[in-house]
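In what follows, a structure is listed as C-alpha cells, so that the remarks can point back to it.
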Amino acid sequence: MEKPYELTLTEVSAAVTAGELRPDDLVQQALGRIARYDKHIKAWSYLDAAGALSEAAALTAEQAAGKLRGPLHGIPIGVKDEFHVKGMPTGMRNRADAPPEPEDATVVARLRQAGAIILGKTYMPIGRRPPPTSNPWNVEHTAGGTSSGSGAAVGARMVPVAVGEQTMGSNLRPAAFCGVAGIKPTYGRISRYGCLPFAWSLDHVGLIGLSFADLALVLSLVAGADERDPTALRDPAPPADLDMDTYRPPRIGLVRNFFLDEVQPSMRAAVEDSAQHLQAAGAIIDDYLLPDDFALTWQAQRILSASEGATYHAQGHERADYTDDAYSGSAGRSGALVPGVYYLQARRIRNWLKRKLQATAFSDYDALLMPTTTGPAPRKPGTGSAQLLIPWSFLGLPAVTVPCGLSPEGLPLGLQLVAGERQDYELLRAGAWCESVVGRLPAPAMEFATE
Amino acid sequence: MRLTPAVTEDEALDWLMGEARARWGEVSDELGASLRSLAKAMAAVSNASLPEDVEP
C-alpha cells in the first residue's frame, strides 16, 4: 500500500486487522512525514520516536500472532500538550523542568487500551508566547487556537487522529482551519482526568480526525464514566458504527442571527452554497433565529472562564514574580475579583438557555448549522476568532466541524453543526451525512517541503 | 458589588478598578483591559431576567 497516510483511521484499522498494514510501517511512515514537514509546520512539541518504534515492534509481533489489542492496534496518534501522557512532560505546565508524568490521562489510557501508539505531544501556545504551529495549507497562516498542533498534525496527514481540548473554540477552530473534521462533544462525554484545566466547567476533551467515521470510532473507545472525573457522564459510550444505511437526511436549522453577520464574505458564501447542496441532497433546511437572550452566552462565559481560571492559578498570582504577562487572559488575576453572585448567575444563565434551546431548536431540528469560524485561517501571529464557537462551549452542547471547501485564497472552511445535550451520536450521524454530500478535502500539497 | 438592581458597565468597572487597586496597587494596561471586558460581562449578567426556578 503506497500512501497509507491518505487513509482514514477506519481504513487503516481495517487494513491492520486484515494484515495489510503493519504497526511498525505505520509509525515509520508517520515519523518520516514529521521529519519532512514538521520543520515548517511545528505541530509536535514532544516526540517519542524511540518509544513509539519499540511499541510498534511489539504490536507488529502481536499482529503476526493474530492478537489485536483493539480497533486502534498499532495506529500512531497525537495528544495535545495539555494532557498527561505517562513518561512525557506536559508542556502546559509551563516549566522548563517539567518532569515526565507518572500516569496517563484517562483519554490516553483508553486509546492505549484500544492499541493506539502515542507518538508524542502536539503543540499548544503557552501563556503569551506566540503559537509556534503553522497551517499545513499555507505556513504563513495560523493553524488555530490551543489545539493547533493537533489540527496541523492531522491536517498534514502525520497522524489520522489527535486529541484536543476546547474551552472556547480551540478544538474545532484548528480542525476547520486545517481542513479536517472535529468534535467537541457534550460536556463530560470524555473524561477530563489528566487534562490540565483552563476552566473546569467549560473544558471539553475533543477529537480531530479525517472523517466522521473516524471520530465515531475513537469516541466509542474513549467516552464513558470515569471515577476519577466526577463530571464525566455515566452514559455508555456511543457506538462506533454510525449505521448510515438507515439514516434519513437531517432536519437542520440554518442560524440566521448572531453568526452570519460576523463572517467574511467567503465564509458566508460557503455556508449558503453548502446549505443548498445539502437541501438538494434531501436535507430539510429552515432558516432559524436564536432567541435574543442568546447574546448572554458570550458575557456569561467571560464570567465563568475568568473566575475558574483565576481560581486555578491563584497560587501563581501570589508569587512575588507574578506579572499579568505570564498567563493568558482567562488565567489572569481579574477573575479573582468576580463576586460569587455573578458567578452563580452566569451558571443560572447557562442552565436557562440550555433549557430554552432543548425545548425549541433541538426539539424541532436534528442540528443547527452555522459557520465554524468567521473566515479562513488568518495570517500569523493571530490564531483567529473563537467567537462562533464560544456559545456552544459555554452551553456544553455537542458541536462538530465539517470541511466545506476552500476560500479564494486556498484555505479550508468549515461548517459547524450543533445538537442537543447528549445527542453526540446523532450529531456524528448528521455530520457524516453532510460530509457525504459536501465531500472531504484532500491532503494539502505542502510544496514548501522540497526534499 | 450588587447583582440587583442591575448595574451599568461603568458602575461595574468603577467597582472592579477600586478592588484591583486595593488588592494589587497600580492597575496595568493589561489588567485594565481585562477589567473592562469583565465589567461589560457583569453588566450583561446583572441585567439578565431569569425564571425563579432556574438553579446554577
Side-chain angles (χ1 to χ4, degrees), chain A residues 127-128 168 201 291-310 313-314 317-320 322-356 358-359 390-391 394, chain B:
Chain A
R128 294 293 189 186
M168 294 202 289
S201 80
D292 289 345
D293 50 9
F294 188 81
L296 287 167
T297 56
W298 286 277
Q299 304 309 328
Q301 185 275 345
R302 181 79 181 94
I303 299 286
L304 295 187
S305 68
S307 300
E308 294 181 16
H313 290 279
H317 295 162
E318 299 310 313
R319 281 169 32 191
Y322 176 82
T323 65
D324 280 343
D325 288 341
Y327 295 95
S328 60
S330 66
R333 287 177 291 176
S334 60
L337 303 178
V338 173
V341 289
Y342 278 82
Y343 178 80
L344 289 170
Q345 190 73 339
R347 289 180 67 103
R348 292 184 72 219
I349 288 169
R350 174 159 62 190
N351 284 339
W352 164 231
L353 287 173
K354 210 160 46 170
R355 184 204 289 184
K356 213 170 179 178
Q358 291 289 143
I390 282 172
F394 168 69
Chain B
M1 177 91 256
R2 70 176 193 274
L3 184 62
T4 59
V7 304
T8 66
E9 205 170 315
D10 285 343
E11 284 176 308
L13 183 58
D14 283 346
W15 184 84
L16 286 168
M17 292 290 264
E19 290 291 306
R21 287 191 189 100
R23 197 177 288 204
W24 299 305
E26 189 178 331
V27 174
S28 68
D29 290 346
E30 181 166 9
L31 181 57
S34 187
L35 294 180
R36 281 189 288 279
S37 161
L38 260 184
K40 181 179 176 184
M42 285 173 66
V45 166
S46 167
N47 278 274
S49 174
L50 304 177
E52 196 177 82
D53 69 325
V54 176
E55 294 192 0

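Chain identifiers are assigned alphabetically (A, B, ...) following the order of the sequence lines, protein sequences preceding nucleic acid strands; residue numbering begins at 1 within each chain.
- Options B/Val45, B/Leu16, B/Leu35, B/Asn47 differ in how many heavy-atom pairs under 4.5 Å they form with chain A, and the most are formed by B/Val45.
- Closest of all the heavy-atom pairs between B/Leu31 and A/Ser334 is CD1-CB, 3.9 Å.
- Within residues 48-56 of chain B, the residues having any heavy atom less than 4.5 Å from a heavy atom of chain A are, in residue-number order, B/Ala48, B/Ser49, B/Leu50, B/Pro51, B/Glu52, B/Asp53, B/Val54, B/Glu55, B/Pro56.
- For B/Arg2, the part lying near chain A is the backbone, with the side chain staying farther off; criterion is any non-hydrogen pair under 4.5 Å.
- By the side chain to side chain contact (heavy atoms under 4.5 Å, CB included) test, B/Ser37 is found to be paired with A/Arg302, residues two or more places apart in sequence or in another chain being considered.
- For a residue to count as touching a neighbouring chain, one of its non-hydrogen atoms must lie under 4.5 Å from one of that chain's; by this rule A/Ala295 does not touch chain B.
- With rounding to the nearest 0.5 Å, the separation of CG in B/Leu38 from OG in A/Ser307 is 7.5 Å.
- The line from CG of A/Leu337 to CZ of B/Arg23 is 5.0 Å long, rounded to the nearest 0.5 Å.
- For A/Arg350, no part sits under 4.5 Å from any heavy atom of chain B, backbone or side chain.
- The two residues B/Ala44 and A/Leu296 come nearest to each other via the heavy atoms O-CD2, 3.4 Å.
- Residue B/Lys40 places its NZ atom among 12 or fewer non-hydrogen atoms of other residues, nucleotides or ligands, all under 6.0 Å distant.
- In terms of the side chain to side chain contact (heavy atoms under 4.5 Å, CB included) criterion, residue partners of B/Ala12 (sequence neighbours excluded) are, by chain and number, B/Val7, B/Ala39, B/Met42.
- Residues of residues 338-345 of chain A that come closer than 4.5 Å to chain B, counting heavy atoms only, are A/Val338, A/Pro339, A/Val341, A/Tyr342, A/Leu344, A/Gln345, ordered by residue number.
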